[in-house]
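To start, the structure itself, in structure tokens.
Every number for a ligand or one of its atoms is a count from 1 in the order of the listing.
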Amino acid sequence: MAKITLDNLAHSYLAKPESEDDFALKELNHVWTDGEAYALLGSSGCGKSTLLNIISGLVHPSQGRILFGDVDVTHASTADRNIAQVFQFPVVYDTMTVRDNLAFPLKNRGASPEYIAKRVQEIGAMIGMEAELDNRARGLTADAKQKISLGRGMVREDVNALLFDEPLTVIDPHMKWELRTQLKSLHHEFGHTMIYVTHDQTEALTFADKVVVMYDGRVVQIGTPQELFERPEHTFVGYFIGSPGMNVIPAKVNGTTAEVHGTSVQLAKHFGKLDGKVELGIRPEFVSLTKGEGLPVNIRRVEDVGRHKIVRAELFGEEINILAPEGQGISPDMNRISFDQDHVNVYVNDWRTEGKAA
Ligand code: ADP
Ligand code: MG
């Protein structure tokens with residue numbers, strides 16, 4: 001197991017990158033703590049696999065260094081890095097049995113037959129394939145083959161890190177939950193450094209201690225699920241995490257007052273006079289429907305989703321979402337909204353800015 005240091009790392013797939021746009025991974029400095037479970041979260045094409053493959057050694061970065069512990073592994077092969085990687089689609093040996101597929105990484109490293117037999121049995125149970133251990137992999141469903149790939153990724157206890165690249169894509173929804181739970185318990189049991197790539201926020205937030213949010217080749221925030229919820233450092237994080245995501249409202253800010261289309265909104269902190277693209281970020285959880293006072297809204301639609309209602313409304317022509325408690329009646333005269341001051345974030349050119357105590 002190892003701490004992983006990314007030092008001044010960046011990658012372009014082009015031979016002669018000219019501008020920042022040419023980089024699939026923009027410059028990044030970060031230390032991944034030994035033994036933590038990370039999720040790498042972002043939409044398709046934002047650079048998640050590029051970063052993961054740089055850590056595993058499948059891609060050589062155009063700039064910077066990677067260290068495992070204190071050892072520079074930037075030019076080391078995948079095998080020398082001693083990691084396990086599971087990909088989106090199954091990689092199994094069709095002519096081998098399920099048992100032999102699972103045993104393969106252990107045999108390769110010279111483990112004893114007794115240990116292999118015991119460990120393969122355990123992993124077979126974890127992936128729910130105990131009964132099929134002696135079947136050949138050929139002819140199994142994609143779903144079953146992917147479970148074997150996952151099992152093979154988890155079979156070795158002595159790896160530096162476990163890397164997963166959207167490994168549950170082809171798995172049916174019930175088994176998805178089951179396998180994610182298994183991965184989590186594996187993490188608790190062995191304390192491996194784990195990096196789990198996904199575009200699904202639920203997967204990321206339930207699996208990881210820390211979530212690394214990527215946007216357009218850049219790591220925009222690394223934080224606990226709670227930090228990402230309460231203090232999104234970039235408007236993208238606010239928007240991408242949460243359901244529905246954070247409302248982003250153009251405003252003018254001066255001191256402790258924000259102005260939204262001429263209406264004043266009191267802020268909890270002092271921000272001075274802000275220039276550039278200034279916006280307020282407020283999650284639907286912290287917006288309340290009121291009567292008489294506050295910003296005027298037109299309610300478009302109310303969705304009852306059980307625990308609460310999602311109110312889809314319009315604020316000066318822009319969509320705004322409000323979460324209303326399950327039992328709250330919504331009458332036509334509730335055409336104003338107010339914000340929970342402590343949960344209003346202020347953004348300048350998409351990045352969060354910290355105010356001073358007012
Ligand atoms: P993600 O895993 O988040 O979907 P990727 O890391 O696969 O994103 O891709 C990031 C960017 O790099 C994308 O624009 C993609 O088209 C590009 N890219 C990925 N792999 C290659 C490659 N082998 N050659 C050239 N461009 C690539
Ligand atoms: Mg990918």
### Message
Counting only nitrogen or oxygen atoms and a 3.5 angstrom limit, does Ala24 reach ligand 1?
### Response
no
### Same apolar cluster (I L V M F W Y, side chains within < 4.5 Å links), Leu280/Phe286
yes
### Message
To check you understand the geometry: which heavy-atom pair defines the closest contact between Leu323 and Pro244, and what is its length?
### Response
CD2-CD, 4.3 Å
#### Entry: Check: Ser12/Asp22 side-chain N/O donor and acceptor closer than 3.5 Å
no
## Note on the structure
A student checking ligand 1 against Ser49 at a 4.0 Å heavy-atom cut-off should list atoms 1 (P), 2 (O), 6 (O), 7 (O)
### Summary
When distances are taken from atom 8 (O) of ligand 1, the protein heavy atom at minimum range is Gly47 N, 3.2 Å
### Message
Between the side chains of Arg65 and Asp72, is the shortest nitrogen-to-carboxylate-oxygen separation below 4.0 Å, so that they form an ion pair?
### Response
yes
### Message
I'd like to check which ligand 1 atoms, numbered from 1 as shown, lie under 4.0 Å from a non-hydrogen atom of Thr50.
### Response
5 (P), 6 (O), 9 (O), 10 (C)
### Query
According to the side chain to side chain donor-acceptor pair (under 3.5 Å) rule, which pairs have a member within residues 205-220, sequence neighbours left out?
Glu20-Arg218, Glu36-Lys210, Arg180-Thr206
### Contact bool for atom 5 (P) of ligand 1 (protein heavy atom, d < 4.0 Å)
yes
### Task
Please report the closest heavy-atom contact between Thr97 and Asp134, naming both atoms and the distance.
CG2-O, 3.6 Å
### Message
Counting neighbours of OH on Tyr239 that are heavy atoms of other residues, nucleotides or ligands and sit closer than 6.0 Å, is the number greater than 12?
### Response
no
### Task
Say whether Val73 and Leu25 are linked into one hydrophobic cluster, either directly or through other cluster members, by side-chain heavy-atom distances under 4.5 angstrom.
yes
### Task
List every atom of ligand 1 that sits less than 4.0 Å from any heavy atom of Ser44, numbering the atoms from 1 in the order shown and giving each element.
4 (O)
### Query
If we ignore angles and hydrogens, is there a donor and acceptor under 3.5 Å between the side chains of Gln85 and Ser56?
yes
## Note on the structure
heavy-atom search around atom 19 (C) of ligand 1 in the protein gives Tyr13 CE1, 3.4 Å
### Message
Quick check on Lys26: does its NZ atom have over 12 non-hydrogen neighbours (other residues, nucleotides or ligands) under 6.0 Å away?
### Response
yes
### Query
Could a heavy atom of Gly42 be found less than 4.0 Å from some atom of ligand 1?
no
### Message
Just to confirm my output: which protein heavy-atom neighbour is closest to atom 1 (P) of ligand 1, and how far is it?
### Response
Gly45 N, 3.5 Å
### Task
Using a distance threshold of 4.0 Å (strictly less than), state whether atom 15 (C) of ligand 1 has a protein heavy-atom neighbour.
no
### Message
For Phe236 and Asp350: C-alpha separation, side-chain torsions, deciding distance, then whether side chain to side chain contact (heavy atoms under 4.5 Å, CB included) applies.
### Response
CA-CA 8 Å; Phe236 175 77; Asp350 288 313; over 6 Å; no
#### Entry: Under 2.8 Å from the Mg ion (ligand 2), the protein N, O or S atoms, given as residue and atom
Ser49 OG
